[in-house]
Amino acid sequence: MKSRWKHHLQLFAVCWIWGLAFVGVKVLLDEVSYITLNLLRFLLAGMVFLPFLLPRWRVRPRLSVGEWTLVFLAGVSAVYGYHLALTYGETTIPAGTAGLIANTTPIFAALFARFILGESLGPLKVSGTAAAMGGVAVITLMGGDASLGAGRVQGILLVLVAAAAWAVYTVLLKPLVDEHDPLFITAYAIFLGTLALLPLALACGDCAGEVASLSGAGWGWLVFLSLGCTVIGYLLYSEGLEGLGASQAAFYIYLIAPISLFWGWIWLGERVNAGLFIGTALILAGLVAVGMEERKAAVGSG
């Protein structure tokens, strides 16, 4: 029983860490471009991963060419598709709003499974998808403290792209983490995604100048995003997932959306109005509906 409580606490901590990440991104965007932010974040994350990997290097997964291709595509989906789109989106919308919309990933995963893998899309998934997208529409029209404009619509669309890209990342890596050590597979994807980001970072902007002018608080947020979110968050989530199983772990993931809204309100003073509450309720209802159908399918197949 004590062990299970430990896993519950691990997952609960992950929710608060990952929810705060959207605030960290918003704060850092005042000092550096979204490209520099991501380059620094993943370079630091790669260095932090090394102490965990080197002692186990002799038992590292030996991947085939096809598996390396999947890892590379997953890394590009994560770094370019998710993180670049998310951080660019946060230049025009509040951190809490970005956190709410980014956590619609299970909706896109269900849609991809239907149209790419041919899996069934039952009534709960259909209604859940409709509810979550309705929640996004409510947030677009009524949420936040800015009037509806092209910048806000663009930001929300970019965060939706990020949510879809994370679903792609998850689908690409799932067969690999089922067969190989997830720590190595995740690290490989981060390394390759960061490598793919380097040409863009060198071609766009003055990364060196932005790094030189970064404040102490900015470095603190970068360390939090790299060490706290990417490394510690992953390790805590992996342990909690292994200890409690996917169904119970999914409940905690649903909490990230309202927690990101809470952090944006507390830390940045972002406005919380009725539109955000209604949109949040619809998104959470949609995620729960999709999760319920997936659990039913898992029990049925078991």
> Can you get from Phe191 to Leu202 by hopping between Ile, Leu, Val, Met, Phe, Trp and Tyr side chains that sit under 4.5 Å apart?
Replying inline: no

> Below 6.0 angstrom between ring centroids: does that apply to Trp166 and Phe108?
Replying inline: no

>> Is there a continuous path of hydrophobic side-chain contacts, each under 4.5 Å between heavy atoms, that joins Val161 to Leu200?
In response: no

>> Is it the case that the side chain of Tyr82 and the backbone of Val76 share a donor-acceptor pair, with hydrogens and angles ignored and the cut-off at 3.5 Å?
In response: no

>> Do Arg271 and Leu276 make a side-chain contact, defined as non-hydrogen atoms from C-beta onward lying under 4.5 Å apart?
In response: no

>> Considering only residues two or more places apart or on different chains, which pairs with a residue in residues 27-45 satisfy salt bridge (charged side-chain N to carboxylate O under 4.0 Å, His left out)?
In response: none

>> Could you check whether atom CH2 of Trp16 has more than 12 heavy atoms from other residues, nucleotides or ligands sitting under 6.0 Å from it?
In response: yes

> Is there a side-chain contact between Val136 and Thr104 (heavy atoms, below 4.5 Å)?
Replying inline: yes

> Do Leu268 and Pro94 touch side chain to side chain, with heavy atoms closer than 4.5 Å?
Replying inline: no

>> With a 4.5 Å cut-off on side-chain heavy atoms, are Ile283 and Asn103 touching?
In response: no

>> As a quick check of understanding, evaluate side-chain contact (heavy atoms from CB on, under 4.5 Å) for Leu236 and Ile17, giving each step before the final call.
In response: CA-CA 10 Å; Leu236 287 174; Ile17 292 171; 4.2 Å; yes

>> Using only atom types and a distance under 3.5 Å, with no angle test, would you say the side chain of Lys26 pairs donor to acceptor with the backbone of Ile93?
In response: yes

> What do the steps show when you test Thr87 against Thr91 for side-chain contact (heavy atoms from CB on, under 4.5 Å), and what is the final call?
Replying inline: CA-CA 7 Å; Thr87 50; Thr91 61; over 6 Å; no

>> If you define the side chain from C-beta out and look only at heavy atoms, does anything of Leu158 sit under 4.5 Å from Glu90?
In response: no

>> Show, in sequence, the C-alpha distance, side-chain angles and deciding distance for Val272 and Phe262, and conclude whether the side-chain contact (heavy atoms from CB on, under 4.5 Å) test is met.
In response: CA-CA 9 Å; Val272 179; Phe262 170 80; over 6 Å; no

> Looking at Ala45 and Ser226, what are the two nearest heavy atoms and their distance?
Replying inline: N-CB, 3.8 Å

> Got a sec, which residues hit salt bridge (charged side-chain N to carboxylate O under 4.0 Å, His left out) with Arg60, two or more places apart in sequence or on another chain?
Replying inline: none

> Is Leu28 close to Leu214 at the side-chain level, that is, under 4.5 Å between some pair of heavy atoms?
Replying inline: yes

> With under 30° as parallel and over 60° as perpendicular, where do the rings of Trp221 and Trp267 fit, or are they tilted in between?
Replying inline: perpendicular

> With no hydrogens and no angle check, is any side-chain donor or acceptor of Glu67 less than 3.5 Å from a backbone partner on Leu176?
Replying inline: no

> What are the two closest heavy atoms between Ile35 and Leu84, and how far apart are they?
Replying inline: CA-CD2, 4.2 Å

> Does the side chain of Leu63 reach to within under 4.5 Å of the side chain of Ile185, using non-hydrogen atoms?
Replying inline: yes

>> Keeping Trp18 on the side-chain end and Cys229 on the backbone end, is there a donor-acceptor pair under 3.5 Å?
In response: yes

>> So does Glu210 get a backbone contact from the side chain of Ser213, meaning a donor-acceptor N/O pair under 3.5 Å?
In response: yes

> Side chains of Trp57 and Phe184: does their closest heavy-atom pair fall under 4.5 Å?
Replying inline: yes

>> Apply side-chain contact (heavy atoms from CB on, under 4.5 Å) to residues Leu86 and Val25 and explain how you reach the verdict.
In response: CA-CA 9 Å; Leu86 175 66; Val25 167; 5.5 Å; no

>> Considering only residues two or more places apart or on different chains, which pairs with a residue in residues 21-41 satisfy ring pair (Phe, Tyr, Trp, His ring centres under 6.0 Å)?
In response: Tyr34-Tyr88

>> Looking at every heavy atom in both Ser77 and Leu172, which two are closest together, and how far apart are they?
In response: OG-CD1, 4.1 Å

> Of the non-hydrogen atoms in Ala165 and Gly81, which two are nearest, and what is the gap between them?
Replying inline: CB-C, 3.3 Å

> Is there a donor-acceptor pair under 3.5 Å between the side chain of Ser33 and the backbone N or O of Leu29?
Replying inline: no

> Quick check, are the ring centers of Phe224 and Trp219 under 6.0 angstrom apart?
Replying inline: no

